[in-house]
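Here the structure comes first, spelled out in structure tokens, and everything after it is commentary.
As the structure is a computational prediction, the values presented were derived from the model and not from experiment. Positions are given from 1, in the same order as the sequence printed here.
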Amino acid sequence: MQSVAQDIRHGVELGDGLPLSQRIRCRLLSAGARFHANDNIAGYLREGELELLQKEVADKLQGVLRSLVIDVDNDHNTHETAQRVAKMFVREVFAGRYDAAPAVTEFPNVERLNELMIVGPLRVRSACSHHLCPVMGRVWVGVMPNENSNLIGLSKYGRLINWIMTRPQIQEEAVKQIADLLEERIQPDGLAVVLEADHFCMHWRGTKDDDAKMVNSVMRGSFLRDPALRREFLDLLPGRN
């Protein structure tokens, strides 16, 4: 008899006897799709499944609370904690894993703009994929538009970046994902992204260093080739210098 692992590798869904999360994993494995913590899997969810997945997560979290020797049956403060945390994970702080990409309206570059544009600081919130502790920060985007490409509205930068950040992340990968997505959407001559964040896996635990931050950047196209442009962008970052 084949094991569950073998069935999953062959992309066989086993029906109601298999937990929904396992069936979704089956689809991903069958398609050869990656499903790391910071990946989006919206394309492998079917209508109505997100609510069922949230219920499964709540059931598992209830077991975690019991394993922590918390009396969830009689403690009024934790009576619905599992349900609240499941909703928070699936619908809020990790929604970028389960929701499709936000719609982004483009408009033509009628004036053939090809000068430096800077967007930010935009507030970002995420969670470290190592400890699921909050990551809170700001991001700046520099764009050298291509005179023949379309433009997107200011608010759309925030929506796209939020879609990337509302997943368990490590900052070094998050900034690259942001750059990849924006470069794909707007196809500029140059793109620069700077991300500065506080990591509560350091503030709240570990070294408990309240002042430590991480700052990293990605430079593409003309920002990578032209040191003067890169310096201009970094010198003009609003709210950082």
* Asked: Do V124 and N162 come close enough that some side-chain heavy atom pair is under 4.5 Å?
  -> no
* Asked: Roughly how far apart are R23 CZ and L28 CG, rounded to 0.5 Å?
  -> 13.5 Å
* Structure fact -> The side chain to side chain contact (heavy atoms under 4.5 Å, CB included) partner of P145 among E115, M117, Q187 is M117
* Test side-chain hydrogen bond (donor to acceptor under 3.5 Å, both in side chains) applied to R225 and S222, step by step -> CA-CA 5 Å; R225 296 188 301 268; S222 53; 4.8 Å; no
* **Reported CZ-to-CG distance for the pair F200 and D210, which is rounded to 0.5 angstrom** => 8.5 Å
* Asked: Side-chain contact, heavy-atom cut-off 4.5 Å: V141 with I161?
  -> yes
* Could you tell me whether the side chain of R167 reaches within less than 4.5 Å of the side chain of N40, counting heavy atoms only? => yes
* Between A82 and A58, what is the shortest heavy-atom contact and its length? -> CB-O, 3.4 Å
* **Residues V119, W140; criterion side chain to side chain contact (heavy atoms under 4.5 Å, CB included); working and verdict** => CA-CA 6 Å; V119 178; W140 295 262; over 6 Å; no
* To the nearest 0.5 Å, tell me how far L160 CG sits from L182 CG. => 6.0 Å
* Indicate, with yes or no, if V85 and V64 share a hydrophobic cluster defined by side-chain heavy-atom contacts under 4.5 Å among Ile, Leu, Val, Met, Phe, Trp and Tyr. => no
* With no hydrogens and no angle check, is any side-chain donor or acceptor of N38 less than 3.5 Å from a backbone partner on I170? -> no
* **Aromatic plane relationship, F94 with F89 - under 30° parallel, 30 to 60° tilted, over 60° perpendicular** => parallel
* Got a sec, which pairs hit side-chain hydrogen bond (donor to acceptor under 3.5 Å, both in side chains) with one end in residues 91-103, sequence neighbours left out? -> Q54-R91
* **Check: D39 side chain, H36 main-chain N or O, donor-acceptor pair, under 3.5 Å** => yes
* Asked: Side chains of N216 and E172: is there a donor and an acceptor less than 3.5 Å apart?
  -> no
* Structure fact -> Exactly one of K213, R138, R125 clears salt bridge (Lys or Arg N to Asp or Glu O under 4.0 Å) with D198, and that residue is K213
* **Expected output: side-chain E196 to main-chain V139 donor-acceptor under 3.5 Å** => no
* Asked: Hey, are the side chains of N146 and I186 touching, using non-hydrogen atoms and a 4.5 Å cut-off?
  -> no
* Heavy-atom check, side chain of E106 versus side chain of L151, under 4.5 Å -> no
* Does K55 pair with D59 as a salt bridge, N-O distance under 4.0 Å? -> yes
* Can you find a heavy atom in the side chain of V93 that is under 4.5 Å from one in the side chain of T166? -> no
* Please report the closest heavy-atom contact between H199 and A197, naming both atoms and the distance. => CD2-O, 3.6 Å
* To do: Please answer: with hydrophobic residues joined when any side-chain heavy atoms are less than 4.5 Å apart, are W163 and L191 in the same cluster?
  => yes
* Asked: Just checking, any donor-acceptor pair under 3.5 angstrom between side chains of S129 and Q169?
  -> no
* Asked: What heavy-atom pair brings L61 and A86 nearest, and what distance separates the two atoms?
  -> CD1-N, 3.7 Å
* To do: Could you walk me through whether L116 and F223 pass the side chain to side chain contact (heavy atoms under 4.5 Å, CB included) test, one step at a time?
  => CA-CA 10 Å; L116 173 62; F223 286 94; 3.5 Å; yes
* Taking S30 for the side chain and C26 for the main chain, is one N or O donor matched with an acceptor at less than 3.5 Å? -> no
* Structure fact -> dist M214:CE -> M202:CE (nearest 0.5 Å) comes out at 8.5 Å
* To do: Would you please test I152 and T105 for side chain to side chain contact (heavy atoms under 4.5 Å, CB included) and show each step?
  => CA-CA 6 Å; I152 63 173; T105 303; over 6 Å; no
* Asked: Has the side chain of S217 got a donor or acceptor atom that lies under 3.5 Å from a matching backbone atom of V194?
  -> no
* Asked: From L181 CG over to I178 CD1, what is the distance, rounded to the nearest 0.5 angstrom?
  -> 8.5 Å
* Taking only residues two or more places apart in sequence or in another chain, which ones pass salt bridge (charged side-chain N to carboxylate O under 4.0 Å, His left out) with R220? -> D180, E183
* Residue among L195, I164, V215 satisfying side chain to side chain contact (heavy atoms under 4.5 Å, CB included) with V175 -> L195
* Structure fact -> Contacts of D226 meeting salt bridge (charged side-chain N to carboxylate O under 4.0 Å, His left out) (sequence neighbours excluded), chain-then-number -> none
* **Inter-residue atom distance I118.CD1 - L236.CG, 0.5 Å rounding** => 4.5 Å
* To do: Could you tell me whether E49 and R27 make a salt bridge, using a distance below 4.0 angstrom between a side-chain N and a carboxylate O?
  => yes
* Asked: If you look at every heavy atom in M165 and S126, which pair is closest and at what distance?
  -> O-OG, 2.7 Å
* Asked: Where do I70 and T78 come nearest, in terms of heavy atoms and distance?
  -> CG2-OG1, 3.6 Å
* Side chain proximity check, V90 to V57, heavy atoms < 4.5 angstrom -> yes
* Is there a side-chain contact between F233 and M219, using heavy atoms and a 4.5 Å cut-off? -> yes
* Check whether more than 12 heavy atoms from other residues, nucleotides or ligands sit under 6.0 Å from atom CZ of R159, and answer yes or no. => no
* To do: Using side chain to side chain contact (heavy atoms under 4.5 Å, CB included) as the criterion, point out the one residue from R25, E56, K60 that pairs with P19.
  => E56
